[in-house]
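These notes are about the structure you will find just below.
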Amino acid sequence: MLYKAPRGTSDILPQEQPWWKYVQEEATRICLLYGYQRLNTPIFEDSGLFARTVAGGTDIVDKEMYVFHDRGGQKLALRAEGTAPVCRAYLEHGMFNLPQPVRLYYIGPTFRYERPQAGRYRQHHQFGCEVVGDSDPTLDAEVIDIARSFLLSLGLPVLSILLNSIGCRLCQPTYVEALKRHYSNYSDRLCPDCEVRLVRNPLRLLDCKESSCQEVAETSPRISDYLCPDCQNHFQAVQQYLEALAIPFEMDYRLVRGLDYYTRTVFEIQTQGEERQGALVGGGRYDNLIEQLGGKPTPAVGFASGIERIISSLKSQQADIPHKPRRTTFMAFMGTEARIAAMKLASQLRSAGIPVIAASGDRSLKSQLRQANSLGADYAIIIGEREVTTGSAVLRDMVSNKQETLTLSEVAAALSGPTTANN
RNA sequence: GUGAGCGUAGCCUAGUGGUUUAAGGCGCCAGGUUGUGGCCCUGGAGAUCGUGGGUUCAAAUCCCACCGUUCACCCCA
């Protein structure tokens, strides 16, 4: 074999497609229910879009972006995450002139150059929702509600919704300072990663898994004590609305998210048994992002979910997915004359909306029917010398074993008629 | 980028230094008389045992390197 799918990518084979279809259709259905509209953004963008918004100090920009130069010398990057492109499109198409907020959703591939492992791939697919243009805390709750409804409607038991507020640019810096001061006192105990975090991304210090670092985190100052009045009110309102919607959540004062643009509300959703591969949904508010992209200050909230993780979770949950039985007909023939007649009849049937799989090659009738069987065909049409001369065809019901010789138009009528629908 | 496990036909697995010209199951193909599937029977195709080097009289089997893959860390969906 000369080539394999690149590391961390995979083919989504026919037998996987029902899962993908199911998840994407559920996502779409839920979005419609909440009045969100679909937006597709390009698979690559100017690399600056991600570099500016997601920002340095985060792995996703520092070492995980697929960056390349096109023939015109433009520096481009494969879509590293979904939110920044949505905001770019919001600005580019003047969506700030639409009634605010604008509710959008997307489904598409995302690329990150990292070592693959359970639940993480170099190409994966995200479904996400974004509400742009309104800072109302009901929208934070709405977005969490959507994510939860989505998982529940798929049949996934939602284990926990983790919630936190990381403040805004007024109050967060004060907290970060306090955090740094606290950690500096214990610098001799920190793991090497945390030594780096202390300088580059202090918020992330909180969720280090090293036990010595966790001890430091235990006694560290809490963001909740540093929120400015506006952020405090906002966060309280979010919680209040979640309670009103009877959405259970857990406060997690150590929850911070990896992307720099988050402000105020951040959240993650996990489901049973899949904690190892991380969150199924992650999101939050990003009130400064649009401004960073050159727009007017515009608040927004959203979330993203990983479709691969969701499907894997569904499978381990042994969830059943609804599948619609599909009636298929196999077209068998014997001889060159009959081959032509079969092709014509197949074509005619398809024009009438009847799915037909045509036999190929020079196989025996036995072999053709064996194939029809393994393809799960409900009917086989058989055309040989006899049928060619009489302008007829044999219609065989593969389930009941009954067959009869019919004229070509009778075959079409029989297959399109409701009387032959056996499933 | 770091660490650990694993790499035998399309898939699953046996074989762990010499009757191996590498075995079995699933799948695939063909046949079991004249134009008919699913079960059964018979036969067939399909593997440079991940790649390269080394140890040995002898290696799929031991050693090393590389590659791939899985899992974990980092980080994230």
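Quick note on labels: first sequence line is chain A, next is B, and so on, each numbered from 1.
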* **A/I382, nearest nucleotide to its side chain (from B/rG35, B/rG31, B/rA72)** => B/rG35
* Relative to the ring of A/Y34, is the ring of A/Y36 parallel (under 30°), tilted (30 to 60°) or perpendicular (over 60°)? -> perpendicular
* **Sugar-phosphate only, base, or nothing, as touched by A/S367 at under 4.0 Å among non-hydrogen atoms** => sugar-phosphate
* Asked: Taking N and O atoms by type only, does the side chain of A/R370 place a donor or acceptor under 3.5 Å from a partner on the base of B/rG38?
  -> no
* To do: Determine the Euclidean distance between corresponding P atoms of B/rA47 and B/rA22; express it in Å to zero decimal places.
  => 12 Å
* **For atom CG of A/L151 and atom P of B/rA77, their distance in whole Å** => 15 Å
* Taking a pair as Watson-Crick or G-U wobble with both distances under 3.5 Å, which nucleotide is matched to B/rC73? -> B/rG1
* Asked: If you measure from the Lys or Arg side-chain nitrogens to the Asp or Glu carboxylate oxygens, is any gap between A/R339 and A/D362 under 4.0 Å?
  -> yes
* Nucleotide of B/rA77, B/rG38, B/rA72 approaching A/N373 most closely (side-chain heavy atoms) -> B/rG38
* Please work out if A/A372 contacts a base, only the sugar-phosphate, or nothing of the nucleic acid, heavy-atom cut-off 4.0 Å. => nothing
* To do: Could you pull out the closest heavy-atom pair between A/A80 and A/R112, with the gap in Å?
  => O-NE, 2.9 Å
* To do: Searching all strands shown, indicate the nucleotide that pairs with B/rC49 (Watson-Crick or G-U wobble; both distances under 3.5 Å).
  => none
* Asked: For B/rU36, what is the paired nucleotide under Watson-Crick or G-U wobble rules, both distances under 3.5 Å?
  -> none
* To do: Calculate, to the nearest 0.5 Å, the distance between atoms OH and CG belonging to A/Y253 and A/L162 respectively.
  => 13.0 Å
* Side-chain donor-acceptor contact under 3.5 Å, A/E26 with A/S153 -> yes
* Structure fact -> Applying the 3.5 Å cut-off to both distances, the Watson-Crick or G-U partner of B/rC62 turns out to be B/rG54
* To do: Using only heavy-atom distances, decide whether a donor-acceptor pair under 3.5 angstrom links the side-chain of A/E387 to the base of B/rG35.
  => yes
* Structure fact -> Checking B/rU36, B/rA72, B/rG35 against the side chain of A/A118 (C-beta onward), the nearest is B/rA72
* **Complementary nucleotide for B/rC67 - Watson-Crick or wobble, under 3.5 Å** => B/rG7
* With rounding to the nearest 0.5 Å, note down the distance linking CD1 in A/I290 to CG in A/L91. => 5.0 Å
* Asked: Out of B/rU69, B/rG31, B/rC29, which has the shortest distance to the side chain of A/R363?
  -> B/rC29
* Pick base, sugar-phosphate or nothing for A/I307, based on heavy-atom distances below 4.0 Å to the nucleic acid. => nothing
* Within the modelled atom types, does a donor on one side and an acceptor on the other bring the side chain of A/Q403 and the base of B/rU36 under 3.5 Å apart? -> yes
* Asked: What interatomic distance, in whole Å, is found between P of B/rG10 and the corresponding atom of B/rC67?
  -> 24 Å
* Short side-chain N/O contact from A/S364 to OP1 or OP2 of B/rG31, under 4.0 Å -> yes
* Nearest-Å distance once atom C1' is located in both B/rU56 and B/rC62 -> 10 Å
* Look at the side chain of A/Q117 and decide which nucleotide, out of B/rG32, B/rA77, B/rC71, has an atom nearest to it. => B/rC71
* To do: Look at the side chain of A/R115 and the base of B/rA72, then say whether one donor and one acceptor between them are separated by less than 3.5 Å.
  => no
* Protein-nucleotide distance (A/L375, atom CG; B/rG27, atom P), rounded to Å -> 15 Å
* Asked: Using atom P of each nucleotide, how far apart are B/rA23 and B/rG46 to the nearest Å?
  -> 13 Å
* To do: Scan A/R204 against the nucleic acid and name what it touches under 4.0 Å (heavy atoms): base, sugar-phosphate only, or nothing.
  => sugar-phosphate
* Using atom P of each nucleotide, how far apart are B/rU8 and B/rU48 to the nearest Å? -> 11 Å
* Under-3.5 Å donor-acceptor pair between A/E114 side chain and B/rA77 base -> yes
* Span that lies between the P atom of B/rG53 and that of B/rC40, in whole angstrom -> 46 Å
* To do: Could you check A/M398 against A/R112 and say which one's nearest nucleotide on RNA chain B is further toward the 5' end?
  => A/M398
* **Spacing of A/Y113 atom OH and A/K63 atom NZ [to the nearest 0.5 Å]** => 11.5 Å
* Asked: Which one, B/rU69, B/rA77, B/rA72, comes nearest to the side chain of A/R7?
  -> B/rU69
* Taking the same atom, P, in B/rG68 and in B/rC63, what whole-Å distance lies between them? -> 22 Å
* Which base, if any, makes a Watson-Crick or G-U wobble pair with B/rC29, both distances under 3.5 Å? -> B/rG43
* To do: Quick one: label A/G82 by what it contacts on the DNA or RNA (base, sugar-phosphate, nothing), any heavy atom closer than 4.0 Å.
  => nothing
* Asked: For A/Q126 and A/P116, take the nucleotide of RNA chain B holding the closest heavy atom to each; which residue's nucleotide lies nearer the 5' end?
  -> A/P116
* Asked: Are OP1 or OP2 of B/rA77 and a side-chain N or O of A/R257 less than 4.0 angstrom apart?
  -> yes
* Quote, to the nearest angstrom, the P distance that separates B/rU13 from B/rA30. => 29 Å
* Would you mind classifying the nucleic acid contact of A/R122 as base, sugar-phosphate or nothing, using non-hydrogen atoms under 4.0 angstrom? => nothing
* Structure fact -> From CD of A/E268 across to C1' of B/rA77 the rounded distance in Å is 10 Å
* Option from A/I357, A/I381, A/N373 for which side chain to side chain contact (heavy atoms under 4.5 Å, CB included) with A/F330 holds -> A/I357
* Using the benzene-type ring in the case of Trp, are the ring centres of A/F127 and A/F150 under 6.0 Å apart? -> yes
* Asked: Among the nucleotides B/rU36, B/rC71, B/rG68, which one has an atom lying closest to any side-chain atom of A/K4?
  -> B/rG68
* Name the closest nucleotide to the A/V394 side chain, picking from B/rG35, B/rC28, B/rA77. => B/rG35
* Look at all strands and tell whether A/F330 reaches a base, only sugar-phosphate, or nothing, counting heavy atoms closer than 4.0 Å. => nothing
